[in-house]
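Just below is one structure, and these are the notes that go with it.
Just so it is clear, the values below take in all heavy atoms, side chains as well, and ignore hydrogens, waters and symmetry mates.
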Amino acid sequence: MTTLLNTLYSEKGELFIIGQGRRVLFAHCKPRISIYEKSTQIPVLGNSGCQKKSVRFIIALCKDTEFTCSVAEEAMKKAERYEMTADLLRNDGIAERFYFHNISLIEINPAGEWEFELAVTDEQVRKLSEMAGL
């Protein structure tokens, strides 16, 4: 079972394309980070089993994304990977800049939202969970 735990909103973000030895600004955006928990029941012989829980971070670029290139499809063909920066507001009112490296494009849905899966570090998991109140 997958459960949405919380969503964090950023007021400022930048999406970069990495390809052919270059890092190019691809879009200015206001990303939204959704934190999901996935629970899987693992059967154990002679017992009722146990649950394995994992946390997944998905970042979405909303409709107000401003692309820096005229033809996004052409730029995407040259992309080897994506990176993103996002300024998130901490509980003490200070914006903290997060750098997400090697994010994976999951889908571009019909509503125009781009979804990426984040490969977060342990430190980022701790900070994002704290900001989300988890």
Side-chain angles (χ1 to χ4, degrees):
M1 179 169 87
T2 302
T3 306
L4 175 64
L5 298 177
N6 206 339
T7 303
L8 300 171
Y9 297 92
S10 172
E11 286 301 312
K12 179 183 172 190
E14 294 178 327
L15 177 65
F16 296 91
I17 287 182
I18 311 298
Q20 300 175 345
R22 296 179 36 188
R23 182 177 188 251
V24 179
L25 178 63
F26 185 56
H28 297 281
C29 54
K30 294 182 179 179
R32 178 185 72 228
I33 300 175
S34 300
I35 304 170
Y36 293 95
E37 178 183 74
K38 184 174 183 177
S39 299
T40 306
Q41 186 72 22
I42 300 173
V44 177
L45 187 62
N47 255 337
S48 60
C50 62
Q51 279 196 349
K52 177 186 173 199
K53 293 185 179 183
S54 61
V55 179
R56 184 176 181 203
F57 294 84
I58 303 294
I59 194 160
L61 307 184
C62 302
K63 297 175 188 175
D64 57 352
T65 301
E66 298 174 22
F67 293 97
T68 59
C69 59
S70 57
V71 183
E73 292 84 14
E74 286 298 318
M76 289 175 60
K77 288 178 185 176
K78 298 176 185 174
E80 294 170 11
R81 66 181 197 272
Y82 297 91
E83 290 184 355
M84 179 174 289
T85 63
D87 294 346
L88 297 170
L89 193 62
R90 296 189 323 202
N91 296 335
D92 60 3
I94 297 173
E96 183 172 349
R97 180 160 292 161
F98 283 83
Y99 296 91
F100 301 109
H101 303 284
N102 204 20
I103 61 176
S104 304
L105 180 63
I106 298 172
E107 73 174 354
I108 303 171
N109 64 29
E113 289 186 347
W114 293 47
E115 290 189 356
F116 296 87
E117 184 163 7
L118 298 178
V120 292
T121 65
D122 291 339
E123 181 67 16
Q124 288 174 332
V125 168
R126 186 186 64 75
K127 285 183 178 181
L128 290 171
S129 297
E130 187 178 289
M131 287 178 170
L134 304 176

| field | Derivation and outcome, side chain to side chain contact (heavy atoms under 4.5 Å, CB included), residues Arg56 and Glu117 | value | CA-CA 8 Å; Arg56 184 176 181 203; Glu117 184 163 7; 3.2 Å; yes
Check for me, please, whether [X] and [Y] land in the same ILVMFWY cluster - side-chain distances under 4.5 Å, paths through other members count.
X      : Y      : value
Met131 : Val125 : yes
Leu8   : Leu61  : yes
Phe98  : Leu89  : no
Ile103 : Phe16  : no
Met84  : Tyr9   : no

| said: Could you walk me through whether Ile106 and Phe116 satisfy the side chain to side chain contact (heavy atoms under 4.5 Å, CB included) test, starting with their C-alpha distance in whole Å, then the side-chain angles of each, then the deciding distance to 0.1 Å, before giving a yes or no? | reply: CA-CA 5 Å; Ile106 298 172; Phe116 296 87; 5.7 Å; no
Interatomic spacing from [atom1] in [X] to [atom2] in [Y] - rounded to 0.5 Å:
X      : Y      : atom1 : atom2 : value
Leu118 : Tyr82  : CG    : OH    : 14.5 Å
Thr85  : His101 : OG1   : NE2   : 10.0 Å
Tyr36  : Thr7   : OH    : OG1   : 6.5 Å
Leu128 : Leu5   : CG    : CG    : 12.5 Å
Ser10  : Leu88  : OG    : CG    : 5.0 Å

| field | Other residues, nucleotides, ligands: >12 heavy atoms within 6.0 Å of Glu11 CD | value | no
Show the nearest heavy-atom pair for residues [X] and [Y], with the distance to one decimal.
X      : Y     : value
Asn102 : Arg81 : OD1-CD, 3.3 Å
Lys38  : Thr2  : CG-OG1, 4.0 Å
Gln124 : Tyr99 : NE2-O, 2.7 Å

| Could Glu123 and Arg126 be called an ion pair, given the rule that one side-chain N must be under 4.0 Å from one carboxylate O? | yes
| query | With sequence neighbours excluded, what pairs up with Phe57 under the ring-ring contact (aromatic ring centres under 6.0 Å, His included) test? | reply | none
Could you list the donor-acceptor pairs under 3.5 angstrom formed by side chains in residues 18-35, with sequence neighbours left out?
residue	atom	partner	partner atom	Å
Arg23	NE	Glu83	OE1	3.0
Arg32	NH1	Glu113	OE2	3.3
Arg32	NH2	Glu113	OE1	3.3

| query | Are Arg97 and Lys12 close enough, and set up right, to give a side chain to side chain contact (heavy atoms under 4.5 Å, CB included), and what steps lead you there? | reply | CA-CA 9 Å; Arg97 180 160 292 161; Lys12 179 183 172 190; 3.5 Å; yes
